Amino acid sequence: MFKLFDRWFEKSARSVAQQSSRRGVIKGLGAMLVGGASIPLLPVARAADPAPARPAEDGDPTSCDYWRYCAVDGFLCSCCGGSYNSCPPGTEMSTITWIGTCRNPVDGRSYVISYNDCCGTTQCATCLCQRDEGDRPLYRSDKSNDVNWCLGSKSSVYHCSTAVVVGLAFEEQ
Amino acid sequence: MFKLFDRWFEKSARSVAQQSSRRGVIKGLGAMLVGGASIPLLPVARAADPAPARPAEDGDPTSCDYWRYCAVDGFLCSCCGGSYNSCPPGTEMSTITWIGTCRNPVDGRSYVISYNDCCGTTQCATCLCQRDEGDRPLYRSDKSNDVNWCLGSKSSVYHCSTAVVVGLAFEEQ
Amino acid sequence: MKCKSVTTTLLAGTLLALLSACWEDSGSSAHAATAHQTAPAALDPDRAPLPPEEFGRIETLPANYPKDWILVDEVNFSSMFGGKVIILDAAESKPELRIKGIMDKSLIGNFTQHPTRPELYIMESFHERGSRGKRSDVLVIYDKTTLNIIKEILWTDTTRLQALPERYSMAVSGDGKLLFVANFSPAASFTVIDLDSHERVGTIGTPGCVLTYPTGKRSVTSICSDGGLLTTVLDNRGQLKSRSRIAPFFDTDTTPIFERPAIIDGLAYFPGFQGEMHVVDMRGEEAKYLEQWSLVSPAERAANWRPAGLSLTDRDDRGRFYTIMQPDGHEGSHQHGGNQVWVFDVKKKQRLLVIETPGWAISLGVTRGDKPKLVVTNGELNLDVFDVESGKLVHTLSDFGNVTPLLIHKSY
Amino acid sequence: MKCKSVTTTLLAGTLLALLSACWEDSGSSAHAATAHQTAPAALDPDRAPLPPEEFGRIETLPANYPKDWILVDEVNFSSMFGGKVIILDAAESKPELRIKGIMDKSLIGNFTQHPTRPELYIMESFHERGSRGKRSDVLVIYDKTTLNIIKEILWTDTTRLQALPERYSMAVSGDGKLLFVANFSPAASFTVIDLDSHERVGTIGTPGCVLTYPTGKRSVTSICSDGGLLTTVLDNRGQLKSRSRIAPFFDTDTTPIFERPAIIDGLAYFPGFQGEMHVVDMRGEEAKYLEQWSLVSPAERAANWRPAGLSLTDRDDRGRFYTIMQPDGHEGSHQHGGNQVWVFDVKKKQRLLVIETPGWAISLGVTRGDKPKLVVTNGELNLDVFDVESGKLVHTLSDFGNVTPLLIHKSY
């Protein structure tokens with residue numbers, strides 16, 4: 001199956017293992033959930049134990065098939081001087097974004113992932129990753145990755161996308 | 001022989017027949033010669049007969065090996081909605097530029113060619129043509145095609161390059 | 001910059017030496033190698049030399065573009081400052097002659113054109129310093145023949161929709177007198193421009209609903225997060241007169257539809273992700289949901305043949321509907337394009353043609369006239385041009401400055 | 001945009017319905033197909049779930065960059081608004097981990113860095129509306145660790161040099177206290193910035209001469225249209241103290257030289273188009289022409305082995321000189337690159353190494369340290385990294401957002 005920009009960015013042509021993911025769990029809350037720059041006050045489960053005995057995640061955060069990227073469409077900040085949950089130097093993390101629900105294959109749990117864009121520098125233009133699972137058109141803006149989500153940041157210029165764990169999806173509680 | 005940007009623009013990879021050209025005939029006058037937007041008052045020969053009986057030029061003005069392009073380095077306006085001596089719609093012709101001296105294979109004469117840039121729209125980005133015959137570094141700015149010659153125009157944004165016949169080179173008189 | 005100052009500042013004391021050198025041919029040794037390669041014609045004194053040529057000539061375009069011309073929305077996804085609308089002759093066989101003109105379109109700008117007036121519209125954004133500094137959102141009205149700017153209208157805020165290109169992020173009203181421009185912050189609204197005066201009339205909220213499908217003479221229909229529609233009816237001055245909500249007809253989670261209809265004779269045809277076809281009557285003052293039928297047979301549905309792509313639908317002048325189709329579709333594949341284009345008679349609800357797109361298809365556009373050409377953004381992000389009647393590939397448009405040509409407009 | 005307004009404007013009356021839907025898993029049927037593909041782990045209740053993560057984290061860089069890092073001047077020749085400086089680890093074997101940071105560099109901006117202070121400098125230009133409107137030329141001073149902007153200094157005119165990238169379109173003075181920025185309109189000058197106060201000192205004309213080679217403690221040498229040099233000597237305040245012209249030592253038509261020297265221990269090595277090597281002493285207050293020797297043997301000269309390329313020279317920390325070489329050179333081929341890099345001992349005037357560059361070489365840069373890496377812009381406009389001692393290709397840097405990476409800077 002072709003991805004949209006296969007030839008354009010060679011790396012995006014790597015075959016993408018389809019991650020299991022479930023969504024529809026949280027509907028219609030996208031922008032609201034992540035409207036603040038700090039951890040939003042969500043009715044989601046928080047970790048009781050900050051130091052799990054075994055690795056809590058597995059996989060390569062610079063790879064499009066990493067579990068957190070199930071709904072992403074953009075350049076991965078992990079390849080741009082940032083990480084899966086931090087922005088590259090000199091950029092700014094957007095405060096309004098869209099969300100997905102991705103299943104972590106290590107613990108079997110589904111997490112709400114916030115795909116905050118990093119903004120303020122010309123497009124990073126590498127590691128384009130288009131997964132689109134659960135993506136919906138603009139009319140469901142909370143789940144739409146076609147939008148430039150550098151909204152609520154000083155700059156509207158898109159650089160790359162992160163995948164920040166917001167919390168457990170409701171179904172897991 | 002590789003050209004600088006061979007792979008980047010496929011068209012520039014077409015083999016370029018080296019046109020004969022002679023320069024050094026007019027030295028050091030570049031910007032001055034074409035400093036005005038109308039035909040500059042040059043001590044060059046003018047045509048006595050505006051309607052020659054036989055075709056006065058030959059070749060494909062969209063092709064990098066066209067005789068007028070002997071010293072060019074840029075996108076050919078002929079491929080961008082303009083022609084070899086006119087700018088595409090919505091752009092503006094720069095008034096300061098660099099020159100070359102190219103031999104017209106049809107009449108065997110050498111002409112002074114002014115490579116006026118068309119400015120004011122993002123790069124045309126097709127038909128990149130790099131001939132560089134007689135090109136000199138920045139210290140000989142009259143013959144330097146590395147400079148963005150969208151100088152003296154309202155916009156400094158380079159779009160494409162023309163090749164305007166200024167007149168006969170001195171040696172032909 | 002005047003000649004004199006160039007001369008004095010740049011060449012300074014060396015000018016006299018250079019002038020005196022003008023009459024000698026000092027380049028002969030350096031050029032001897034190439035001078036012999038092409039065996040130039042001998043000087044022919046009987047032939048008149050080429051006359052000096054005029055400086056400053058700028059080309060213009062016809063007010064009515066030929067029917068095979070297209071306008072390509074080039075997002076330039078890796079350098080969004082450099083987005084463009086590229087005007088191309090899709091029928092031109094010589095690649096170097098295809099580009100007719102280029103307009104800038106900054107930061108995922110939106111584009112539409114007037115069907116009858118010689119005007120083109122681009123809604124774009126700038127920061128004062130590229131990616132930083134004060135942002136300005138600007139509607140730019142272009143003269144279609146010169147590609148010169150007639151007017152720029154600065155937005156009072158910075159809320160215009162920035163998303164992958166949509167045919168209906170802007171629209172000209174049915175009576176041709178108003179322009180609607182979608183905003184999204186993510187609060188949704190649209191701004192109304194009077195096209196006679198080229199003045200802004202105002203901005204009207206569309207709570208929970210996005211985009212601007214032209215409806216009736218001067219209404220706007222938007223598509224909503226509840227799976228319904230909202231029609232905003234404007235009065236003669238372009239101000240809000242009334243709103244009308246069309247009840248939900250799809251589920252945004254389980255039976256989502258594409259927000260990209262083809263509008264044929266005032267009827268909007270919205271394909272669903274799984275091959276449904278929803279028909280909405282846009283002819284009256286308010287939109288009216290008409291019916292649902294299926295683009296796919298039961299067997300095709302079982303094989304997961306689905307509409308897929310980015311700008312995946314269009315119509316031709318004969319009223320036929322075009323959509324990209326993908327086999328083995330699944331959740332998450334709806335934007336990934338397909339390997340066929342299906343052409344429908346929407347009155348008979350019958351498929352008329354299947355056009356194979358061996359280079360893949362991401363977006364499509366159809367040219368005007370009785371013998372339209374189908375233009376498809378292929379998997380290499382070039383444009384494949386097909387003859388609709390024969391289904392055959394005519395040629396591929398590449399090397400026209402394309403990076404991500406994601407939306408193809410027919411010309412007027 | 002506050003959460004509340006998003007909610008109310010975007011979701012409006014549908015919010016309650018959506019909230020109540022939050023607790024049902026309505027996506028299961030749509031996702032059944034993919035849910036079985038990867039056989040997810042069963043839920044493990046003994047394992048602590050991942051904690052929620054902090055928003056807004058931004059990475060930083062070390063004040064002293066590792067020796068294998070390079071800074072790539074990416075002109076983006078087809079979308080010049082989107083030029084960049086890309087900070088890369090040239091030694092990183094995993095492609096996805098090579099990029100360390102990116103700075104914007106608009107409209108063929110110029111770049112240099114301070115050898116000791118944690119500052120980077122970009123001179124760039126903007127029009128108010130992308131390619132139209134008022135132009136601003138701006139010097140931007142970056143903090144090297146955060147890549148945040150410390151200060152922007154707006155030029156009073158719009159004359160800064162816009163040309164294919166040059167190492168010496170800007171330079172830090174020998175004493176580290178001043179920054180010189182080249183202007184070209186085409187009248188040539190340079191602007192002086194005080195790096196202690198981050199204030200502009202003034203602009204000084206260099207009639208007929210361009211670029212800013214740092215000379216002595218606080219002089220600037222420029223290269224002239226007569227084949228000579230001009231040294232501008234500044235006083236303690238960075239103001240013009242005196243000018244000194246160095247007599248012509250080459251003919252700009254018949255024996256042109258590249259304006260791209262490598263400066264090694266204060267001696268500038270300028271290769272000529274046909275393999276000459278001109279040495280200029282930049283250690284004193286005024287530049288002094290020293291001597292000419294040849295990079296090529298008589299046999300190599302007969303085979304037209306010539307220096308060629310765009311940014312074709314550099315030096316390493318051991319004081320060796322590097323240049324791209326081209327066989328069968330001719331008039332017009334001087335910028336087209338070559339298939340070898342030659343490394344010289346400039347004291348002994350001897351060639352030490354020949355490194356084959358099978359992917360062609362257009363520009364080069366050499367990393368710091370005792371075991372430097374040679375980084376070459378190849379014919380596909382990717383970067384080939386060679387181990388200098390073995391001459392072997394280590395790997396190729398591609399897919400880092402490169403379009404036209406025309407100048408490679410070592411890091412400090």
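Because the structure is a prediction, the values reported are computed rather than measured. Every chain is numbered from 1 and lettered A, B, ... according to where its sequence line falls, protein lines coming before strand lines.
- Heavy atoms closer than 4.5 Å to chain B are found in the side chain of I108(D), but not in its backbone.
- Only the side chain of L211(D) comes within less than 4.5 Å of a heavy atom of chain B; its backbone N, CA, C and O stay farther away.
- Side chains of H334(D) and D135(B): a donor-acceptor N/O pair is present below 3.5 angstrom, by distance only.
- A donor-acceptor pair shorter than 3.5 Å cannot be found between the side chains of S156(B) and N148(B).
- Both the backbone and the side chain of L138(B) come within contact range of chain D, with heavy atoms under 4.5 Å apart.
- Looking only at heavy-atom pairs under 4.5 Å with chain B, the residue among L107(D), I257(D), L161(D) that has the most is I257(D).
- Side-chain atoms of T231(D) and T215(D) include no donor-acceptor pair closer than 3.5 Å.
- Between E57(B) and R68(B), at least one side-chain N (NZ, or NE/NH1/NH2) sits under 4.0 Å from a carboxylate O, which counts as a salt bridge.
- Between E124(D) and K84(D) there is no salt bridge, since no side-chain nitrogen of the basic residue lies less than 4.0 Å from a carboxylate oxygen of the acidic one.
- Taking Q123(B), E92(B), K154(B) one by one and counting their heavy-atom pairs under 4.5 Å with chain D, the maximum is reached by Q123(B).
- For the options G133(D), S222(D), C224(D), S125(D), heavy-atom pairs under 4.5 Å to chain B are most numerous at C224(D).
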